[in-house]
Amino acid sequence: MKGTVSKKMVIEESSDNMKDYLNSIFDATYANIELRPLGILVRIIKGLTNFTWVIPYYQLVMYKGDYSSLYAQGRFIRFRKDESFENSKSFLHKLMKLKARYESKYDFLNFK
């Protein structure tokens with residue numbers, strides 16, 4: 001997908017089963033999202049170590065409210081709404097369009 005990657009965003013909160021991949025309370029943990037044809041890769045940057053969370057589009061759920069969140073596989077991460085997040089808005093819109101395009105291929109599952 002020609003290296004389509006978001007800017008680094010700060011993880012504000014995560015589910016309990018993701019806590020091992022995040023920095024301590026005092027250090028910010030960063031993540032970026034890479035688009036792939038069948039899903040996304042969420043790269044979590046913890047000090048000198050990187051972790052990759054692979055999420056297929058059919059498992060991905062995105063919420064936008066006071067925070068922007070990604071949910072999949074019984075896990076979630078919530079991003080802080082700061083300047084780096086604001087710079088990634090066009091990227092997140094592109095992600096939503098790709099997810100919708102992927103789901104439209106399987107629209108026959110929702111026929112009446």
Side-chain angles (χ1 to χ4, degrees):
M1 308 227 15
K2 300 180 183 173
T4 308
V5 180
S6 71
K7 307 266 189 219
K8 283 196 304 187
M9 297 179 283
V10 179
I11 297 176
E12 184 76 25
E13 187 180 349
S14 71
S15 58
D16 289 337
N17 53 7
M18 295 287 284
K19 299 282 187 201
D20 293 339
Y21 306 115
L22 304 181
N23 287 326
S24 66
I25 296 171
F26 304 108
D27 296 330
T29 303
Y30 295 94
N32 61 15
I33 303 169
E34 181 178 340
L35 298 178
R36 293 296 179 132
L38 299 177
I40 62 172
L41 301 176
V42 180
R43 291 215 171 86
I44 300 169
I45 303 158
K46 180 182 177 181
L48 298 175
T49 309
N50 293 336
F51 300 96
T52 303
W53 182 19
V54 180
I55 305 174
Y57 285 131
Y58 70 90
Q59 292 180 345
L60 176 64
V61 178
M62 297 173 57
Y63 289 104
K64 184 177 179 204
D66 293 338
Y67 296 93
S68 184
S69 305
L70 299 177
Y71 288 79
Q73 304 157 348
R75 301 176 175 161
F76 77 90
I77 55 175
R78 209 170 273 151
F79 295 107
R80 181 182 298 167
K81 282 197 172 179
D82 58 1
E83 186 177 335
S84 64
F85 178 80
E86 294 297 323
N87 292 336
S88 296
K89 275 191 173 181
S90 62
F91 174 85
L92 294 173
H93 286 291
K94 185 175 184 179
L95 169 59
M96 289 189 289
K97 286 180 185 176
L98 286 171
K99 179 177 169 39
R101 186 181 308 151
Y102 175 84
E103 289 179 345
S104 69
K105 291 179 187 177
Y106 303 102
D107 199 30
F108 64 89
L109 296 174
N110 297 324
F111 65 90
K112 295 179 183 177

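No hydrogens, no waters, no symmetry mates; every other heavy atom, side chains included, goes into these values. These numbers were taken from a predicted model, which means no experiment stands behind them.
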Look at the side-chain heavy atoms of Ile, Leu, Val, Met, Phe, Trp and Tyr, link any pair under 4.5 Å apart, and say whether [X] and [Y] land in one connected group.
X: Met96; Y: Val61; answer: no
X: Ile40; Y: Met18; answer: yes
X: Leu60; Y: Phe51; answer: yes
X: Leu92; Y: Phe79; answer: yes
X: Ile77; Y: Val10; answer: no

[X] atom [atom1]: more than 12 heavy-atom contacts under 6.0 Å:
X: Lys81; atom1: NZ; result: yes
X: Lys19; atom1: NZ; result: yes
X: Glu83; atom1: CD; result: no

Heavy-atom pair of closest approach, residues Ala31 and Ile11: CB-CD1, 3.8 Å
Over all atoms of both residues, closest heavy-atom pair of Tyr57 and Glu103: O-OE2, 4.3 Å
Are the side chain of [X] and the backbone of [Y] linked by a donor-acceptor contact shorter than 3.5 Å?
X: Tyr58; Y: Tyr102; answer: no
X: Lys46; Y: Tyr21; answer: no
X: Ser6; Y: Phe91; answer: no
X: Ser15; Y: Phe76; answer: yes

For the residue pair [X] and [Y], establish whether any side-chain heavy-atom pair is separated by less than 4.5 Å.
X: Arg75; Y: Asn17; answer: yes
X: Ser69; Y: Glu12; answer: no
X: Trp53; Y: Leu41; answer: no
X: Met62; Y: Leu95; answer: yes
X: Met9; Y: Ile33; answer: yes

Ring geometry between Tyr63 and Tyr71 (parallel below 30°, tilted from 30 to 60°, perpendicular above 60°): perpendicular
Separation between [atom1] of [X] and [atom2] of [Y], rounded to the nearest 0.5 Å:
X: Leu38; Y: Ile55; atom1: CG; atom2: CD1; result: 14.0 Å
X: Thr29; Y: Arg80; atom1: OG1; atom2: CZ; result: 9.5 Å
X: Thr4; Y: Arg36; atom1: OG1; atom2: CZ; result: 10.0 Å

